[in-house]
Amino acid sequence: MNKNIIFAILFVTASVLFALPVCGQDALTTTWTREGYFTDEFGNFLSVTYSDLEGYEGWMVGCILGEEMYGDLVEEVGDTLYGDLVPDYEEGEFIVTVCEEGEDGLLLITESGDTFHFVPWEIEEASISVTVNTEGMGSYLLADGESTEWADDGFPFSSSVFNLNEPEIHTFFAQPWEGCSFIKWTKDGMDYSYDPQITVEMNESADFVAVFDWGLPVEEEGINYLVLVNKLNPLPDDWEDKLETVHMTNSLGDDVEVEKFAYEAYLRLK
């Protein structure tokens, strides 16, 4: 994947540790302000962004160091950002401290003592800018073109930025976390697709969001009502036998037969 085109980080539930800062600063309560995207002379990348998602507010640190990618919520400790960038559901740990350096740079120090000096990433001006993010507990897979050969061996993303000077095609597959469900894709705030897999021709600037929610799909008489019927989620062969209907009178006074679950949902929304 061309790192000059896309910078992606994994957004995950935070499981953070507390420690004293190691950048030679006093451990005073301060408000962190330096955010954005950064790079170093070796082609490594660092992002520091603030998440205002309810229940997961805080600073998100993501980085690409060589072929390794990390990302998680971290704690503000003194005048540093500190935490483990390996999510709970993955093995191992990668504990880092991030400090301000110079007028606009950042210093990343690993627990093993490795240091990385970052400066603001000058993203070349592009005619097409596309972001792909998530809302709720989930992530997505990414592939070039219309293929399903997922990038980075199926590494899950939650935030991607594409800065392009000519159109490209990419495919995304939304994956809810355990205990959650995929709801829909939106484009510029409008419903775009209820299929978890979408192929997007990026020929104009846009913001795509994969929306997830807590709770598993509701099973009513063997039919999954929260999954759009498609080639990945076909109706059961005996769906007509499982379908339950009711009679109602519509606004014209006609007696009509409707699906029971949909009618009950309609009544709750009235």
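As the structure is a prediction and not an experimental result, all values here were calculated from the model.
Glu146 and Ile169 get closest at one heavy-atom pair: CG-CG2, 4.1 Å. Here the shortest heavy-atom pairing between Gly66 and Asn44 reads N-OD1, 2.8 Å. Pairing each heavy atom of Thr80 with each of Val77, the nearest pair is OG1-O, 2.7 Å. Nearest heavy-atom pair, Asp144 versus Ser147, reported as atom, atom and distance to 0.1 Å: O-OG, 3.0 Å. Closest heavy-atom contact between Asp79 and Trp32: O-CZ3, 3.5 Å. Here the closest heavy-atom approach between residue Ala210 and residue Ala174 is recorded as CB-CB, 4.2 Å.
Counted by atom type alone, Glu257 and Thr245 present one or more donor-acceptor pairs between their side chains at under 3.5 Å. Checking Asp255 against His247 by side-chain atom types alone, a donor-acceptor pair falls below 3.5 Å. The closest side-chain donor-acceptor pair between Thr131 and Asp207 falls under 3.5 angstrom. Looking only at atom types and distance, the side chain of Asp213 has no donor-acceptor partner in the side chain of Ser181 under 3.5 Å away. Side-chain contact check for Thr171 and Thr199: at least one donor-acceptor pair (N or O, by modelled atom type) lies under 3.5 Å. A donor atom on one side chain and an acceptor atom on the other are found under 3.5 Å apart for Tyr140 and Ser160. Judged by distance alone, the side chains of Ser112 and Thr110 do bring a donor and an acceptor atom under 3.5 Å apart.
Between Trp59 and Val48, some side-chain heavy-atom pair lies under the 4.5 Å cut-off. Under the 4.5 Å side-chain criterion, counting only non-hydrogen atoms from C-beta, His170 is in contact with Phe162. Asn165 has its side chain out of reach of Ile128: every pair of non-hydrogen atoms, C-beta onward, lies at least 4.5 Å apart. Side-chain contact check for Trp150 versus Thr148: some heavy-atom pair is nearer than 4.5 Å. Side-chain contact between Tyr82 and Ile95 is present, with at least one heavy-atom pair separated by less than 4.5 Å. Counting only heavy atoms from C-beta outward, the side chains of Leu85 and Val96 approach each other to under 4.5 Å. Residues Thr186 and Val211 form a side-chain contact, since some pair of their non-hydrogen atoms from C-beta on lies under 4.5 Å apart. Between Phe212 and Ile183, every side-chain heavy-atom pair lies at or beyond the 4.5 Å cut-off.
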Would you check, one step at a time, whether the test side chain to side chain contact (heavy atoms under 4.5 Å, CB included) holds for Val61 with Leu46?
CA-CA 7 Å; Val61 173; Leu46 175 70; 3.8 Å; yes
Test side chain to side chain contact (heavy atoms under 4.5 Å, CB included) on Thr39 and Phe42 and set out the steps.
CA-CA 8 Å; Thr39 187; Phe42 303 107; over 6 Å; no
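Taken to the nearest 0.5 Å, the CG atom of Leu107 stands 5.5 Å off from the NE2 atom of His117. Atom CZ of Phe116 is separated from atom CD1 of Ile109 by 11.0 Å, given to the nearest 0.5 angstrom. Note: Ser47 OG to Trp121 CH2 = 10.0 Å, rounded to the nearest 0.5 Å. Residue Ser159 holds its OG atom at 8.5 Å from CE of Met60, rounded to the nearest 0.5 Å. The structure places CD of Glu35 at 10.5 Å from CG of Leu81, a figure rounded to the nearest 0.5 Å. Taking OG from Ser139 and CG from Asn133, the interatomic distance works out to 12.5 Å, rounded to the nearest 0.5 Å.
Hydrophobic clustering (ILVMFWY, side-chain heavy atoms < 4.5 Å, transitive): Phe155 and Ile64 are in one cluster. Cluster membership check: Phe118 shares its hydrophobic cluster with Tyr50, using side-chain heavy-atom separations under 4.5 Å among Ile, Leu, Val, Met, Phe, Trp and Tyr. Placement of Tyr37 and Val119 in two distinct hydrophobic clusters is found when ILVMFWY residues are connected by side-chain heavy-atom separations under 4.5 Å, directly or transitively.
Taking the six-membered ring where the residue is Trp, Trp185 and Phe172 present tilted rings, their angle falling between 30° and 60°.
With salt bridges taken as basic N to acidic carboxylate O contacts below 4.0 Å, none links Lys184 and Glu135.
With hydrogens and angles disregarded, a donor-acceptor distance shorter than 3.5 Å links the side chain of Asp195 to the backbone of Gln197. Listed for the Ser51 side chain is no donor-acceptor partner under 3.5 Å among the backbone atoms of Glu57. At least one donor-acceptor pair closer than 3.5 Å links the side chain of Arg34 to the backbone N or O of Gly105. At least one donor-acceptor pair closer than 3.5 Å links the side chain of Asp84 to the backbone N or O of Phe94.
With sequence neighbours excluded, no residue forms a salt bridge (charged side-chain N to carboxylate O under 4.0 Å, His left out) with Glu101. With sequence neighbours excluded, the residues satisfying side-chain contact (heavy atoms from CB on, under 4.5 Å) with Val246 are Val258, Lys260, Tyr263.
No close placement of the Phe38 and Phe45 rings is indicated, their centers lying 6.0 Å or farther apart.
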